[in-house]
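Quick note: numbers below take in every heavy atom, side chains included, and nothing from hydrogens, waters or symmetry partners. Because the structure is a prediction, the values reported are computed rather than measured.
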Amino acid sequence: MDRYLVFGHPVRHSKSPFIHTLFARQTQQELEYGLAEPAVDEFAQALRIFFDQGGKGCNVTVPFKEQAFTLVDRLSPRAKRAGAVNTIKLTDDGVLLGDNTDGAGLVADLKSHGVTLADSRILLLGAGGAARGALAPLLAELPSELVIANRTHTKAQQLAAEFHDLGPVTAQTYEQLAGPFDLVINSTSASLQGELPPLAPALIHTDIAIYDMMYGASDTAFISWAKQHGARQTMDGLGMLVEQAAEAFTVWRGIRPGTKQVLRELKRNLGVI
């Protein structure tokens with residue numbers, strides 16, 4: 001039976017085995033999917049051993065995505081742009097192909113919620129790996145403007161300059177931000193600590209769409225804050241998790257699983273519904 005893993009540290013909380021088991025059942029694919037939590041300095045060795053022992057593919061999550069980028073034999077265009085790898089496939093000719101499905105998962109989830117990206121003005125909070133992975137897929141949807149805001153402004157400037165060839169992307173400080181925005185995406189990990197980006201409440205209005213890449217059994221701190229200030233459409237990153245997994249599954253198996261039922265099952269598993 002074909003073997004797949006998710007590498008991370010920590011990774012015991014991961015819902016990837018649950019998701020991919022449902023995908024395999026749905027598409028009638030024979031595979032098993034497990035967890036691997038090597039020490040931070042032992043990831044390269046663990047990855048090599050997994051594929052030497054017949055592994056077919058894996059997902060890579062925090063803190064190994066940037067390291068995986070350096071360990072594969074070949075990179076997909078979107079992995080090159082993201083500077084990080086979250087999906088690895090052993091090809092038929094024995095090559096380790098590194099891909100990044102995070103941005104595609106984000107865009108797919110936004111569209112599933114009816115969010116219009118073309119000609120929209122988008123604010124992306126954060127300039128780390130999550131933001132980097134999202135930029136190319138978001139710009140491919142032809143927004144009118146994409147603004148990056150980050151606590152360290154120079155990082156936002158560097159990211160905007162790097163992706164400027166793909167579309168109208170700029171960097172602003174939090175103090176410079178002026179609305180209206182159609183969509184705000186929080187790619188920071190602030191919600192994990194129950195904290196908030198320093199965003200002015202005046203930027204929130206009733207027609208804005210709010211997206212937090214973090215998720216939990218209840219609203220994240222950012223989503224709760226946005227609702228308090230009048231946002232009517234709010235989304236967390238659970239759908240992105242399922243959509244990026246579906247993209248990875250397609251890379252591995254050449255078959256696209258449906259995501260709606262799997263997302264419902266995952267919400268039930270988490271106690272969200």
Side-chain angles (χ1 to χ4, degrees), residues 81-82 102-192 194-215 219-241 243-244:
R81 270 293 184 178
D102 286 331
L106 170 65
V107 168
D109 192 37
L110 285 165
K111 289 182 175 180
S112 77
H113 284 96
V115 176
T116 299
L117 298 173
D119 296 320
S120 64
R121 190 162 185 254
I122 300 172
L123 173 58
L124 179 62
L125 307 180
R132 176 180 289 275
L135 273 168
L138 285 171
L139 289 168
E141 297 297 319
L142 305 178
S144 62
E145 184 182 15
L146 195 155
V147 177
I148 306 170
N150 188 59
R151 287 181 188 270
T152 306
H153 182 53
T154 53
K155 284 189 70 176
Q157 289 176 310
Q158 290 165 0
L159 205 55
E162 188 175 332
F163 284 83
H164 190 67
D165 62 309
L166 297 185
V169 55
T170 60
Q172 296 180 15
T173 66
Y174 278 99
E175 293 74 26
Q176 289 173 328
L177 294 174
F181 289 100
D182 301 298
L183 169 65
V184 178
I185 300 170
N186 181 22
S187 77
T188 75
S189 59
S191 287
L192 291 178
E195 298 171 356
L196 294 168
L199 194 65
L203 290 172
I204 306 301
H205 54 87
T206 55
D207 294 327
I208 201 168
I210 298 292
Y211 195 99
D212 193 339
M213 289 189 187
M214 300 298 111
Y215 64 87
D219 284 345
T220 67
F222 184 64
I223 285 177
S224 293
W225 175 85
K227 283 182 175 179
Q228 289 167 12
H229 292 285
R232 290 188 300 204
Q233 184 176 20
T234 59
M235 300 149 280
D236 68 14
L238 198 60
M240 176 181 171
L241 175 70
E243 293 291 350
Q244 67 81 21

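- Using a 4.5 Å heavy-atom threshold, the side chains of Leu183 and Thr116 count as separate.
- Note that CD of Gln172 and NE2 of His153 are 8.0 Å apart. Values are rounded to the nearest 0.5 Å.
- Minimum heavy-atom separation, Ala171 to Ala160: N-CB, 4.0 Å.
- The shortest non-hydrogen separation linking Gly126 to Ile148 is O-CG2, 3.6 Å.
- In this structure Ser224 satisfies the side-chain hydrogen bond (donor to acceptor under 3.5 Å, both in side chains) test with no other residue, sequence neighbours excluded.
- Summarising the local packing, NE2 of His205 is surrounded by more than 12 heavy atoms from other residues, nucleotides or ligands at distances under 6.0 Å.
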**Request:** Quick one: do Thr188 and Phe222 satisfy side chain to side chain contact (heavy atoms under 4.5 Å, CB included)? Show the steps, please.
**Result:** CA-CA 10 Å; Thr188 75; Phe222 184 64; over 6 Å; no

**Message:** Please determine whether side chain to side chain contact (heavy atoms under 4.5 Å, CB included) holds for the pair Asp182 and Leu117, giving the CA-CA distance in whole Å, both sets of side-chain angles, and the decisive distance to 0.1 Å.
**Reply:** CA-CA 9 Å; Asp182 301 298; Leu117 298 173; over 6 Å; no

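- Rounded to the nearest 0.5 angstrom, Ile210 CD1 and Ile208 CD1 are separated by 4.5 Å.
- The line from CD1 of Ile185 to CD1 of Ile122 is 5.5 Å long, rounded to the nearest 0.5 Å.
- In this structure, Leu124 and Ala131 approach most closely via the heavy-atom pair CD2-CB, 3.8 Å.
- Residues Thr220 and Asp236 have side chains that never bring a donor and an acceptor to within less than 3.5 angstrom of each other.
- Applying the ring-ring contact (aromatic ring centres under 6.0 Å, His included) rule to His229 yields the partners Trp225; only residues at least two apart in sequence or on another chain are considered.
- A distance of 8.5 Å separates OG in Ser189 from CD in Glu195, rounded to the nearest 0.5 Å.
- Proximity of a side-chain donor or acceptor of Ser187 to a complementary backbone N or O of Leu125 within less than 3.5 Å is detected.
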**Message:** Under the criterion side chain to side chain contact (heavy atoms under 4.5 Å, CB included), I'd like the reasoning laid out for Leu110 against Leu138: C-alpha separation, chi angles, the key distance, then a yes or no.
**Reply:** CA-CA 10 Å; Leu110 285 165; Leu138 285 171; 4.2 Å; yes

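- Atoms CG and CE, on Leu106 and Met235 in that order, are 9.5 Å from each other to the nearest 0.5 Å.
- The backbone N or O of Gly133 sits nowhere less than 3.5 Å from a side-chain atom of Arg81 that would complete a donor-acceptor pair.
- Minimum interatomic distance between Ala149 and Leu177 (heavy atoms only, all atoms of both residues): CB-CD1, 4.0 Å.
- Considering every non-hydrogen atom in both Ala136 and Leu166, the closest pair reads CB-CD1, 3.8 Å.
- With rounding to the nearest 0.5 angstrom, the CD atom of Glu141 is 11.5 Å from the CG atom of Asp119.
- The salt bridge (Lys or Arg N to Asp or Glu O under 4.0 Å) check on Lys155 picks up nothing, with sequence neighbours excluded.
- A heavy-atom distance below 4.5 Å is not found between the side chains of Asp207 and Gln233.
- Between the side chains of Tyr211 and Asp109, at least one donor N or O lies within less than 3.5 Å of an accepting N or O.
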**Request:** Run the numbers on Arg132 and Asp102 for salt bridge (Lys or Arg N to Asp or Glu O under 4.0 Å), then give the verdict.
**Result:** CA-CA 10 Å; Arg132 176 180 289 275; Asp102 286 331; over 6 Å; no

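- Taking all atoms of both residues into account, the shortest heavy-atom contact from Ser191 to Asn186 is OG-ND2, 3.9 Å.
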